[in-house]
Q: 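Dropping a structure here in structure tokens format, bear with me for questions.
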There are 2 protein chains.
Amino acid sequence: MKGHDHAHHKEDLAERLKQAHLSITPSRLAILELLHESHRVWSIEQLIEALKRRPKALKGSLVFTTIYRCLLKLEEAKMVRRVDFGDGVSRFEFDTGEGHHHHHIVCTQCNAIEALEDCHIKEIEKNVKKLGYQNISHRMEFFGLCKGCS
Amino acid sequence: MKGHDHAHHKEDLAERLKQAHLSITPSRLAILELLHESHRVWSIEQLIEALKRRPKALKGSLVFTTIYRCLLKLEEAKMVRRVDFGDGVSRFEFDTGEGHHHHHIVCTQCNAIEALEDCHIKEIEKNVKKLGYQNISHRMEFFGLCKGCS
DNA sequence: ATTTTTTTGCAAATCATTTGCATTTATTTT
DNA sequence: AAAATAAATGCAAATGATTTGCAAAAAAAT
């Protein structure tokens, strides 16, 4: 069952790459699989470490630039979303591409990151619209001391 | 009247520096005056340009590092707030230090920045609290096409 | 199977930010 | 007010993440 699921996902991911007119490469599939399975954000360095440790590691060496460029392409294709906590490091997470979006809470002590599945900021968006803006998007991240650290 | 007001502000700002145990220097006063008068955010480069053009320019040359370190100190002292739009450039604005806070909307085309004076995100904060977090803060910025650009 | 296009790997360039240190300026002490 | 102490400034160089150039390799199209 699990094996079948994985195969299914892999095909799906390859299909989405094809639809986005992106070549299907081992790096891209590996990144997408990892992001898809793990519901979390990854810095590029973290991704490289995790991919190295994988059972089915990539044959080629895992190079920063390669992962970086894969992520750029996947971001363009809306398969990956970039998350920025203002600490100078870009992080990435899987993007279902179905309009869902969420925010995060970052522990100011241990830097643990947790997803917040809700986003109730319609009021503010309304006001922004009143100001005459279009195609409004927003970034919102929370910072605080998590249970373990307080 | 205006002159008197300015003098008043200058004294206030010097007083706040004193209270924060920071030396009162021309650079710091000039930065604070500019930030206080202008209700907007400034990158360091923008600050340097603006300070150069001032009627009462600083005697010493305006050096990036100096402005940078001033802003760091002023941020610590909560007289200045740093704003991050995720474009790799830090910006700064005056901070009254009275608990007010606001967000911004950035035009995705012309990069114009406007302040949003309201912040209705109590619901989300409640949920974050339920998760066990303390000292919760957040970052939120909006992006969209402004009137002039759409 | 061959050509064409895209991706990868490595090195080097960028760009904003940060740090080191000698000099200057501000504050404190005498 | 002058001397001593502490802090800030200016310049150069270091840092660190990101981005780019280009030749080699891999994938897609013919």
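The chains referred to below are lettered A, B, ... by the order of the sequence lines, with proteins before strands, and numbering in each begins at 1.
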Q: Less than 4.5 Å apart, any side-chain heavy atom of His9(B) and any of His36(B)?
A: yes
Q: Does any non-hydrogen side-chain atom of Ile48(A) lie less than 4.5 Å from one of Val63(A)?
A: no
Q: Between Thr66(A) and Arg91(B), which residue's closest nucleotide on DNA chain C lies nearer the 5′ terminus?
A: Thr66(A)
Q: Do Leu17(A) and Met79(A) have side chains that get closer than 4.5 Å, going by heavy atoms?
A: yes
Q: Answer yes or no: is there a donor N or O on one side and an acceptor on the other, between the side chain of Glu76(A) and the main chain of Lys73(A), under 3.5 Å?
A: no
Q: Can you measure Tyr68(A) atom OH to dG16(D) atom P for me and round it to whole angstrom units?
A: 19 Å
Q: If we only count heavy atoms from C-beta on, is the Gln46(A) to Arg40(A) side-chain gap below 4.5 Å?
A: yes
Q: It should be established whether Thr65(B) places a side-chain nitrogen or oxygen under 4.0 Å from OP1 or OP2 of nucleotide dC11(D).
A: no
Q: I need the single residue from Arg82(B), Arg81(B), Arg16(B) that forms a salt bridge (charged side-chain N to carboxylate O under 4.0 Å, His left out) with Asp95(B). Which is it?
A: Arg81(B)
Q: Given that Phe64(B) and Val63(A) both sit by DNA chain C, which one's nearest nucleotide is further toward the 5' end?
A: Val63(A)
Q: Which two nucleotides bound the region of DNA chain C that has atoms under 4.0 Å from heavy atoms of chain A, read 5' to 3'?
A: dT6(C) to dA11(C)
Q: Can you check whether Leu71(B) reaches Glu75(B) side chain to side chain, under 4.5 Å on heavy atoms?
A: no
Q: Roughly how many Å is it from CZ in Arg28(A) to P in dA26(D), rounded to a whole number?
A: 15 Å
Q: Would you mind reading off the distance between Leu29(B) atom CG and dA8(D) atom P, rounded to a whole angstrom?
A: 13 Å
Q: Which of residues 69-79 of chain A have a heavy atom under 4.0 Å from DNA chain C?
A: Arg69(A), Cys70(A), Lys73(A)
Q: Mind checking whether Asp84(B) and Arg91(B) have side chains closer than 4.5 Å, heavy atoms only?
A: no
Q: Between Ile48(A) (CD1) and dA17(D) (P), how many Å, whole number?
A: 12 Å
Q: For the CD atom of Glu45(A) and the CG atom of Leu62(A), what is their distance to the nearest 0.5 Å?
A: 11.0 Å
Q: Answer yes or no: is there a side-chain heavy-atom contact under 4.5 Å between Leu34(B) and Phe94(B)?
A: no
Q: Look for any protein N or O under 3.5 Å of an N or O in nucleotides 28-30 of chain D and output each such pair with its distance, or none.
A:
from: dA28(D); atom 1: OP1; to: Ile24(A); atom 2: N; distance (Å): 2.8

Q: Salt bridge check, Lys10(A) against Glu33(A): does any charged N sit closer than 4.0 Å to a carboxylate O?
A: yes
